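Quick caveat: nothing in here was measured; it's all calculated off a predicted structure. Heavy-atom basis, side chains included; hydrogens, waters and symmetry copies ignored.
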Amino acid sequence: MLFHVIFLAKLKGCDIKSNSKAYKFALLAIFLWSTVATAFKISLEFLTPEMLVLLASVASTIVLFIILLYEKRLNLVKTHIKSNFKLTLMMGVLNPFLYYLVLFKAYDLLPAQEAQAINYTWALMLAYLAVPFLKQKLTLSDIVAGIICYFGVLVISTRGEPFSLNFSNLYGVGLALFSTVLWAMYWIFNTKSKAYPEVGLFANFLIALPFIICYLYFTDGFFIPELKGILAASYVGIFEMGITFMLWLKAMQYTTSTSKIANLIFISPFLSLIFIYFILGEKIYLSTLFGLGLIILGLVLQQKRSKIAQE
């Protein structure tokens with residue numbers, strides 16, 4: 001999930017400003033993003049995945065509204081939706097509705113360490129889906145990276161016995177992998193958007209809320225959650241979907257080297273495991289560390305080869 005920032009770094013130019021400010025914004029964003037896998041699991045102790053999507057989306061919408069109000073860009077939302085209704089509708093259905101619904105269901109079925117590690121393969125899925133949708137070429141490095149990354153997923157999901165094909169939870173693993181498809185699709189469609197990121201994101205949430213409400217009504221039904229559930233969902237909405245995204249954009253604006261800032265993202269999955277261990281009390285398997293190492297290796301290989309090809 002977090003590797004959308006690497007993709008974003010390639011899309012955005014950077015002003016030559018203070019690198020120290022860039023690192024402060026980036027490290028704060030990485031710290032906050034590293035806590036969300038733990039926050040997902042805590043939230044799901046009190047809420048269904050459907051209710052978590054709704055409450056987190058409402059919290060994020062409020063935060064983005066305040067940000068746009070502060071930036072005096074709220075008036076751009078109506079124009080953006082009117083001019084790009086079909087695109088905004090499609091992106092809103094993908095994110096936050098379908099993506100987070102599938103992702104939270106995966107977290108509900110899997111240990112946090114497994115779900116968050118598998119989710120990091122979305123950047124690789126982006127490279128594969130860019131072939132049919134963006135007419136980009138698949139390179140040998142993409143194929144090798146895929147073999148390495150998905151073998152890492154196999155190691156994690158079988159808890160160190162990849163050749164046994166005895167998955168800890170096959171349905172949960174399938175959902176986690178499907179979430180990477182949805183997230184990659186979202187960013188592919190995002191390449192067609194010309195709006196300010198916060199304007200486009202806020203429009204997506206506005207469009208998605210009616211779908212989320214209707215889905216919840218016809219499936220799980222509404223209920224009054226515990227205060228702990230509301231607070232946990234608010235944390236997810238604010239720091240997974242809202243403020244942290246803006247902190248990363250600030251880092252991209254201040255840095256003189258987007259690649260150096262983007263590489264800091266590789267700290268996040270390992271920092272996340274620390275929170276999972278100490279807060280959730282999950283035993284961290286050696287297979288998770290080994291599998292996650294393979295996933296990171298594959299992604300680094302893909303990013304490095306991609307950079308060489310662009311040069």
Side-chain angles (χ1 to χ4, degrees), residues 1-7 9-10 30 33-38 40-41 102-103 106-107 109-131 138-184 187 259-260 262-277 280 282-309:
M1 178 175 48
L2 302 183
F3 286 94
H4 73 275
V5 294
I6 295 177
F7 178 65
K10 294 178 180 179
I30 288 167
W33 263 321
S34 299
T35 67
V36 295
T38 299
F40 290 167
K41 291 297 285 187
V102 172
L103 183 66
Y107 268 90
L109 295 170
L110 297 173
Q113 61 186 289
E114 292 184 24
Q116 70 104 20
I118 295 171
N119 187 251
Y120 281 107
T121 63
W122 93 267
L124 188 65
M125 182 58 67
L126 175 65
Y128 292 153
L129 291 180
V131 175
L138 195 65
T139 65
L140 178 61
S141 63
D142 290 326
I143 297 171
V144 173
I147 293 171
I148 295 172
C149 283
Y150 290 120
F151 185 73
V153 169
L154 195 59
V155 169
I156 292 168
S157 57
T158 59
R159 296 185 181 176
E161 298 180 357
F163 301 108
S164 71
L165 297 181
N166 185 21
F167 295 92
S168 59
N169 189 308
L170 183 58
Y171 183 53
V173 171
L175 287 174
L177 288 171
F178 183 50
S179 74
T180 69
V181 176
L182 294 172
W183 197 234
W187 281 101
S259 61
K260 288 182 179 179
N263 286 338
L264 293 175
I265 287 300
F266 295 111
I267 300 170
S268 181
F270 298 101
L271 183 58
S272 181
L273 290 179
I274 295 174
F275 290 120
I276 290 170
Y277 176 77
L280 296 180
E282 277 190 21
K283 176 186 176 182
I284 305 300
Y285 299 105
L286 287 176
S287 57
T288 298
L289 293 172
F290 181 70
L292 183 57
L294 288 174
I295 291 171
I296 299 301
L297 175 62
L299 292 173
V300 169
L301 174 65
Q302 183 205 21
Q303 294 295 326
K304 187 175 181 180
R305 294 299 181 187
S306 176
K307 184 177 179 182
I308 291 173

### Summary
Separation between CG (L154) and SG (C149), nearest 0.5 Å, reads 13.0 Å
### Query
What salt bridge (charged side-chain N to carboxylate O under 4.0 Å, His left out) pairs are there with at least one residue in residues 161-173, not counting sequence neighbours?
none
### Task
Using side-chain contact (heavy atoms from CB on, under 4.5 Å) as the criterion, list what pairs up with V131, not counting sequence neighbours.
L138
### Matching residue for I295 among N119, T121, I118 - test: side-chain contact (heavy atoms from CB on, under 4.5 Å)
T121
### Query
Counting only heavy atoms not in F178, do more than 12 sit closer than 6.0 Å to its CZ atom?
no
### Query
Among all residues two or more places apart in sequence or in another chain, which pass the side-chain contact (heavy atoms from CB on, under 4.5 Å) test with N166?
S164
### Query
Which value, rounded to the nearest 0.5 Å, describes the distance between L301 atom CG and S141 atom OG?
6.0 Å
### Message
Run the side-chain contact (heavy atoms from CB on, under 4.5 Å) test against Y277 and tell me which residues pass, sequence neighbours left out.
### Response
I284
### Task
Sequence neighbours left out, what pairs pass salt bridge (charged side-chain N to carboxylate O under 4.0 Å, His left out) with at least one residue falling in residues 266-276?
none
### Query
What is the distance from atom CD1 of I30 to atom CG of L271, rounded to the nearest 0.5 Å?
9.0 Å
### Pairs meeting criterion salt bridge (charged side-chain N to carboxylate O under 4.0 Å, His left out) with involvement of residues 285-299, two or more places apart
none
### Query
Of all heavy-atom pairs between A112 and L280, which one has the smallest distance, and what is that distance?
CB-CD1, 3.8 Å
### Query
Can you list the residues that meet the side-chain contact (heavy atoms from CB on, under 4.5 Å) rule with A37, with sequence neighbours excluded?
Y107, Q116, S272, I276
### Query
What is the minimum heavy-atom distance between F275 and S34, and which atoms define it?
CD1-O, 3.5 Å
#### Entry: Spatial distance of atom CZ (F40) from atom OG1 (T35) [nearest 0.5 Å]
9.0 Å
### Message
Check whether Y128 reaches the backbone of D142 with its side chain - one donor and one acceptor, N or O, closer than 3.5 Å.
### Response
yes
### Query
Can you name the residues that form a side-chain hydrogen bond (donor to acceptor under 3.5 Å, both in side chains) with T288, not counting sequence neighbours?
Q113
### Task
Please identify each residue that fulfils side-chain hydrogen bond (donor to acceptor under 3.5 Å, both in side chains) with S287, with sequence neighbours left out.
none
### Message
For residues 146-159, which residue pairs pass the side chain to side chain donor-acceptor pair (under 3.5 Å) check, not counting sequence neighbours?
### Response
E114-R159, R159-Y285
### Task
Could you tell me whether the side chain of L124 reaches within less than 4.5 Å of the side chain of T180, counting heavy atoms only?
no
### Message
Give me the atom names and distance for the closest heavy-atom approach of A106 to A176.
### Response
CB-N, 3.7 Å
## Note on the structure
All heavy atoms of G298 vs all of I148, minimum pair found to be N-CG2, 3.9 Å
### Query
To the nearest 0.5 Å, how far apart are CG in L126 and CH2 in W187?
10.0 Å
### Rounded distance [0.5 Å steps], CG in L170 versus CG in L110
10.0 Å
#### Entry: Close side-chain approach of F270 and I296, heavy atoms under 4.5 Å
yes
#### Entry: Pairs flagged by salt bridge (charged side-chain N to carboxylate O under 4.0 Å, His left out) wherever residues 286-298 is involved - sequence neighbours left out
none
